[in-house]
Amino acid sequence: MKPPGKIGARRCAPPPDLEELGTILRHEINNPLTGILGNAELVLAGSDGLSADVRRRVETIVGLAVRLRDVVRNLEQVVNERTGQPPRP
């Protein structure tokens with residue numbers, strides 16, 4: 001497991017402004033979330049040997065990751081609207 005990145009260092013720093021919050025959302029939350037979602041989907045794609053219980057658990061991971069991704073996208077949209085930044089593709 002990798003050591004905590006910038007997020008740990010920010011705990012003692014003053015709160016971020018909105019533009020920095022957008023960067024935090026994209027890099028510190030969205031990037032790891034993409035890895036979690038992608039790996040869980042790969043497990044499901046080769047799920048022939050998984051028990052029904054394990055398959056349900058991985059499906060739960062996918063569902064929760066999608067919910068988090070949507071929350072991050074909504075927060076990014078609010079940040080972009082308030083800072084005048086163009087939306088990401």
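Treat the numbers as computed from the prediction; the structure is a model and nothing was measured. Hydrogens, waters and symmetry mates play no part in the numbers below; they use all other heavy atoms, side chains included.
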| Exercise: identify the closest heavy-atom pair between Ile29 and Pro32 | O-CD, 3.3 Å
| Can you tell me how far OG of Ser51 sits from CZ of Arg57, rounded to the nearest 0.5 angstrom? | 8.5 Å
| Which atom names give the shortest non-hydrogen contact between Ala40 and Val62, and what distance separates them? | CB-CG2, 3.6 Å
| said: Using side-chain heavy atoms (C-beta onward) and a distance below 4.5 Å, is Leu68 in contact with Leu64? | reply: no
| Nearest-0.5 Å distance, CD1 of residue Ile61 to CG of residue Leu44 | 8.5 Å
| field | Arg67/Asp70 ion pair, N-O < 4.0 Å | value | no
| Exam field: side chain Ser47 to backbone Leu50, donor-acceptor pair closer than 3.5 Å | no
| Pairwise distance OG1(Thr34) to CZ(Arg69) - rounded to 0.5 angstrom | 8.0 Å
| query | Between atom CD of Glu76 and atom CG of Asn80, what is the distance when rounded to the nearest 0.5 Å? | reply | 6.5 Å
| Val58 with Leu42, same ILVMFWY side-chain cluster at under 4.5 Å | no
| request: Give a yes or no on whether Val66 and Val43 share a hydrophobic cluster (residues Ile, Leu, Val, Met, Phe, Trp, Tyr; joining criterion: side-chain heavy atoms under 4.5 Å apart). | output: yes
